[in-house]
Amino acid sequence: MRTTLEEALAAREPRFFRASRGEAKGTTGEHDTARFAENLMVLQECAVLLGEQMEMNAVSYGVFQEGEETGGFIFETDASGQSPHAWGALVNRRMPFRECLQRIHDQAGG
Amino acid sequence: MRSQVLQANLNSLRKSGSVFGLVMARETTVMFSDVAFSAKAVTGIVQTVDDIIFYYAKEHRSPDTFAFGYDGGNLLLVTDEFFRLIVWYSDETGIDRVTRSARSFLKDYKASLITDQLEKGLSLVEAERVAFSEAELPDVLDGEDALARPVTERISARAKGPIDPTSPIAPVLPPGAKASQNNYPVPPSL
């Protein structure tokens, strides 16, 4: 029986994650979730570093492509604005950025 | 690619769609800049981009395309070996068209550098070597390895925590701040 991760990889479909309050959560196993968490930390730091140079401090999303992989995150806050969290995805193909971001938003909204 | 053609092609990209800024660099050397930031800010951005690429390279990784959304617009970064194209645009829905245009430009630019050398009678191998040599496009940061990489160190410090699903992930936004949502609706359920 194939795992959720194996199914997603075989179908080349995004694996979705959520991160908030110091934790990342996903459905494709600890290793895959840790991999997403590492990508998220680096990507958001890159966004912040570039934002500092431009004096743009509020980051709403970040996406990247590397070889045959695409990944990204979106940031959201709750109604009070006090609990920011990230939704993100990794997919083992070069997915257009627009589609990647929309799929993350769809997942967040679902 | 002759400098006039390079400039014309970059101007064409600069004026396409919702693009409102463009910088081309070879590593830390700014080759073209048409964006409403100061020269100092552009230098800082190009240096930061170089540090980001350096960080990934140290990790044996080579992402070639990034896009980030900010309160003041969107930033696309496309890299191809030494060359970086940074594009600012306002319409997030056009992100893939801008990406394709930027990547095509870089590909054509690299091909033109080789063609220029082939026209001088060099072999393909030699043309590639000369086209991308430091002599053709000098890097202002000689002895780069000796320079401090504070940005890289900062990324490393941030990313080198324990790699597990519960490793700390600090929010980019300070408490109370609200990110620009651009064209994406905030899911009401969250």
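Just so you know, these numbers use all the heavy atoms, side chains as well, and skip hydrogens, waters and symmetry mates. Chain letters run A, B, ... following the sequence lines, proteins first, then strands; residues in each count from 1.
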Does any heavy atom of chain A fall under 4.5 Å from the side chain of [X], the backbone, both, or neither of them?
X: B:Asp64; result: both
X: B:Arg61; result: both
X: B:Leu75; result: side chain

Under a 4.5 Å heavy-atom cut-off, does chain B meet the side chain of A:Glu55, its backbone, both or neither? neither
Given B:Ile95 and B:Tyr89, is the side chain to side chain contact (heavy atoms under 4.5 Å, CB included) satisfied, shown in steps? CA-CA 8 Å; B:Ile95 184 171; B:Tyr89 58 100; 3.1 Å; yes
Using salt bridge (charged side-chain N to carboxylate O under 4.0 Å, His left out), reason through A:Glu69 and A:Arg94 one step at a time and then give a plain yes or no. CA-CA 6 Å; A:Glu69 182 163 62; A:Arg94 286 182 83 90; over 6 Å; no
How long is the span from the CD atom in B:Glu27 to the CG atom in B:Asp50, to the nearest 0.5 Å? 6.0 Å
Apply salt bridge (charged side-chain N to carboxylate O under 4.0 Å, His left out) to B:Glu126 and B:Arg129, showing your working. CA-CA 5 Å; B:Glu126 192 68 3; B:Arg129 187 188 65 76; 2.8 Å; yes
